[in-house]
Amino acid sequence: MIFPAADIIAEAPRPTPLFSAAASTSDANVWTSINGWSVARVMTSIESEYAVAKAGAVVADLGPIARYAVRGEDAAAFLARVTTVPAQRLDPGDSARGLILDDRGGVIDLAEVSRLSSDLFLLTTPTAHARRMKIAARGMAAIADDITEQVAVLGVFGPEASEALSAAGLKMPGDVVAASGMVRGVETAARPIQFGALPGVELIFPKEEALTVWGRLLRRGKVTPIGLDALEILRLESGAPRPGVDFIAADRARPGGARTPYELGLAHLAPLDSGGFNGRRGLRRFALEPRRQLITLSIDDEVSMPGAAVFAQDKAVGRITSCAWSPAIKRVVAFADISASCTAADYEIAVSGPADVRVAARVFETAESALALDFQRSQSGATDFRL
Amino acid sequence: MTAKPAEVQSAGRIEGGIDAIVIGASADGLAAAAYLGKAGLRTLLLEESAEIGGPVRARDIAPGITGIDGEHLLRILDPDVINELDLYRFGVKYAARRLDTVYYFDDGETLQLDGDLQHAADLMLDDDTRDQFGAFMGDALELSAFLRPAFAPLRSVSDENATKQALDKALGQASPEISALISRYALASIEDVLNAKFEDGPVKTLLTSEAAFLSGAAPHEAFSFMSFLRSLAGEMAGLQGALSYPEGGAVSIINALRRAVQAAKVEIRAAARVKSILIEWDRAAGVVLENGGQVRAPIIVNALDAQRAFLDMIGPDIIDIEFQRMLTAPRSHLASARVQITLKGAATNDATKENPGRRLVYAPPPEDVRRAFIDARAGRVPQNLIVEAIFPGALDTETALDGDVLLSAVAHPLPFDEAPDRRRRNEISAVILAMLEKIAPDIGDQVDIVDLRLPCDLARATGASSAAYAAKPAMMQQWALANISTSASDIGGVYFCGPEAQIGAGLSCTAGKNAAKAALREFKKRGGAL
């Protein structure tokens, strides 16, 4: 799950249940605000946290991300309406990624749905959508309870995440299925997650148990706390767009500023034949006319430059929306919002400064873009009889 | 009459071979059915009650006395509908083509205005005020005529861009004078406009009342001047801004529409309640009737109120979330009341004796109108109301009553109540009667029966949600609601022409015409033979 953009004008962010634990282990003491909650940007150093995430196991406080427990006879139908996840097809233990779209098919947010039991689902979204949930539930036998403030959530990622959890005595009944139950006397829900290419597990438990679980993981699981800045590199490497940074939510965007899943390279998360999700009719009308596209680039440079102009064949075609230095590929990885008509593989990026200097960049394949490409190939021979 | 009992027709079985189904035989539903049938589509009109006409229907209000619910005057009936459906041939006749209005003021003074608003210069006023009034009404009439295309939903399922382009083109062609008027008046409140134009006096008072009458926007609120322009944009009997009374009352328009429907070979099925609309692959596929039968058709035109049309008949799992939010958003907290009063004998006072064939309006002082809106919004019955009254028997000899005189009045603004109790009704009736005393002093002594109809009564009679008959909200909200409801959540083959699709108060039929035309365009586009 991806963090949304930081709240740059938040005045007094609230502490998450894990705040004091995270603060006590943070050497850097650099914080930001996400959804009104305090989040550590750096714990020790970006480089070391990134390295541990790639080779060992890291733990992150995921408390600021919005969570809903969805119950009721129509819970699956409700989720299949609110998100693009065909929740009726999920068996207990299954999880799926999707999107939240507006009526015209513009992307409002990312979403993850896990089915914990026959009539209980967990919905996770980077930003909160309380009003939308309330409206969407009218006329349906479903209740979406916002549990964000009632729970503590941590994510354990990395190739050794499973071992770390076992060592801490927190191994779940299954490594690949979402489940809820009592673990060492603590009511816990767990579900598998991916952060970029990193496998991991998300643990959700009552906030009163936050310090106990965090302490046990660090003491016995030997995991390293990771901050938002290192996670940002992992996100960019995986090709996951960040709400509020790489795109503006369709319900907040100015006219013409909303983006469809096709424009964000996330068409595979909203297949038009997958169900009755909100915005499918709008998407069907507008999907064939993309105006922009969000692509991932690797840039021959060492500094980040969000907002920099992107050129193709000497013509400005867009701008960088987010970027970071990737120790793995030794280059800057970036998202760029460019014109949909541009199909070049090579680009140039303007470097800030008085001189007109540009550096080379090329399209960079990520795990997400590979999924989008596979989806596009699978759809190329299909016919939509409903058009 | 081709109406057949629904249970015989379709109980428990599936019917096909129908091109279009119209749900609800209101004026808009009838107009839509007539357009579709006339274009050659095999059309079925389903009405859940035994009567057609929606809220407009004749009803016995006392033994031997028939009143007509719904509109009592026509102000915005679409001239295209009259011409294209040939309603004159089907029986529409005007008992009064353009009613003169007599305004009664708080100080006992009166002022008569010609039904042809261009004749403002004939008013009994001093020269300066008369010239100002004439110039003002000239500007207002010109602007409202220019904006007429804008007083309709801009969005339709099949031709959204074309409609917008047409409007853009029209606005783009505005002359410098019209452009100046638009920029001066479009966002303005009626209060600001009148304060800038007129000194305190009868002209300002009557215009305030006219602008606020039947509107959900108070005179001091932005865009309230637009409500006034909307009321002037109508064209009755070829005269812009005029008010007409048809022979037999508004129900005669329904009867003419019914004849047009029958002439178009539309099958009318009464007592056929639609339970749900069948949606398959995001397109309309037909309807499921309450009796279990199904009627399949690729076009559904729904003339019921939006809540029933979309939330009840299509369901939240099909419609879009923002669309649902718009449909369920709070609307106007204001209402108008229709009251029909039988009098023991003809009115005896001079003012009413001299003006029985005219429209009589009590215009309270502007500050009282403002106060009335505040009170009504707060849920209180205002002590001053704008009241419009006519004597149908004097206008139309067909409705003349022996021994009694029927007075029909509309009062505005009142609080919107979902279910007013007897006490509340009595309170409203008492205030309206007190206002009528301003028009006809001592009328209270002559009152025999008072028949009060509030929005909830119309809703109960037609099965609609009460909010459908609340006062129209401010113009911007009307536009938004009309645009979103006529988009029908982008469900293919579903067209909407219920009360929410109409901009402006009064019997119009424009929504029915637009829905049918959009359906015909789509039908043709999809290869249907016309």
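Worth knowing before you read on, the calculation uses all heavy atoms, side chains too, and leaves out hydrogens, waters and symmetry mates. Just so it is clear: chains get the letters A, B, ... in the order the sequence lines come, proteins before strands, and each one is counted from 1.
- With a 6.0 Å radius and a threshold of 12 heavy atoms from other residues, nucleotides or ligands, A/I147 has its CD1 atom above the threshold.
- Contacts of A/I100 with chain B are absent, with no heavy-atom separation under 4.5 Å from either backbone or side chain.
- The local environment of CD in A/Q88 is crowded, with over 12 non-hydrogen atoms from other residues, nucleotides or ligands closer than 6.0 Å.
- Heavy-atom pairs under 4.5 Å with chain A peak, among B/T328, B/I318, B/D317, at B/I318.
- In this structure a side-chain-to-backbone donor-acceptor pair under 3.5 Å is missing from B/D490 to A/R281.
- Counting only heavy atoms from C-beta outward, the side chains of B/D320 and A/R104 never approach each other to under 4.5 Å.
- When all heavy atoms of B/I319 and A/R81 are compared, the pair lying nearest together is O-NH2, 3.0 Å.
- Closest heavy-atom contact between A/G139 and B/P316: O-CG, 3.7 Å.
- B/M326 CE to A/I135 CD1: the interatomic distance, rounded to the nearest 0.5 Å, is 11.0 Å.
- Panel note: side chain B/R325, backbone A/A136; no donor-acceptor pair is recorded below 3.5 Å.
- Other residues, nucleotides and ligands contribute over 12 non-hydrogen atoms within 6.0 Å of the CZ atom of A/R138.
- Remark: A/K134 NZ to B/I321 CD1 distance equals 15.0 Å, nearest 0.5 Å.
- Side-chain atoms of A/D102 do not come within 3.5 Å of backbone N or O of B/E322 as any donor-acceptor pair.
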